[in-house]
Amino acid sequence: MSNNRSGSFIGGLLLGAAVGTVTGLLIAPRPGRETRQLLKKSADALPELAEDLSTSVQLQADRLSESALRSWDETLGRLKEAIASGIEATQREQQVLEQVPASEAAESDLAKHDAFDKIH
């Protein structure tokens, strides 16, 4: 998140500098010839400024993309672990249920329902 903020700040800074320069040149009390020369120099610098801004945005996008991929990989790993734990727990419970005779299982189910009713 801080990388995104710094990229936005740099982009805003560069754009603000360009707009401020052009505005200052147009408002400044200079002869027309000097103003045109300064505007030409500023216009010549705009492609370089745009390239710098583009590079900055691309770097920020790459960082954000890498961060999102890491986060996705971590989430996917935790999800796989949770699913594996769920499968193991289900298998253990199934083994326990297979070992308990049917009559005891029915009694156990009744006891579970009674306990549930007492709680709720």
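Both backbone and side-chain heavy atoms feed into the values below; hydrogens, waters and symmetry mates do not. None of the values given here were measured: they were computed from a predicted structure.
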Just by distance, do the side chain of Ser71 and the backbone of Ser67 share a donor-acceptor pair under 3.5 Å? no
So CG of Leu59 and CG of Leu64: to nearest 0.5 Å the spacing works out to 12.5 Å
Rounded to the nearest 0.5 Å, what's the gap from OG1 on Thr90 to CD on Gln94? Could you check? 8.5 Å
Using the side chain to side chain donor-acceptor pair (under 3.5 Å) criterion, which residues pair with Asp52? Sequence neighbours excluded. none
Report yes or no: does Ser65 contribute a side-chain atom to a donor-acceptor pair with the main-chain N or O of Ala61 at less than 3.5 Å? no
Answer whether the closest heavy-atom distance between the side chains of Thr75 and Arg78 falls below 4.5 Å. yes
Indicate, with yes or no, if Leu79 and Ile87 share a hydrophobic cluster defined by side-chain heavy-atom contacts under 4.5 Å among Ile, Leu, Val, Met, Phe, Trp and Tyr. yes
Could you grab the distance from atom CZ of Arg63 to atom CD of Gln60, nearest 0.5 Å is fine? 5.0 Å
Say you draw a straight line from CG of Leu76 to CD of Glu74; how long is it, rounded to the nearest 0.5 Å? 11.0 Å
List the residues meeting side chain to side chain donor-acceptor pair (under 3.5 Å) with Gln58, not counting sequence neighbours, and say none if there are none. Asp62
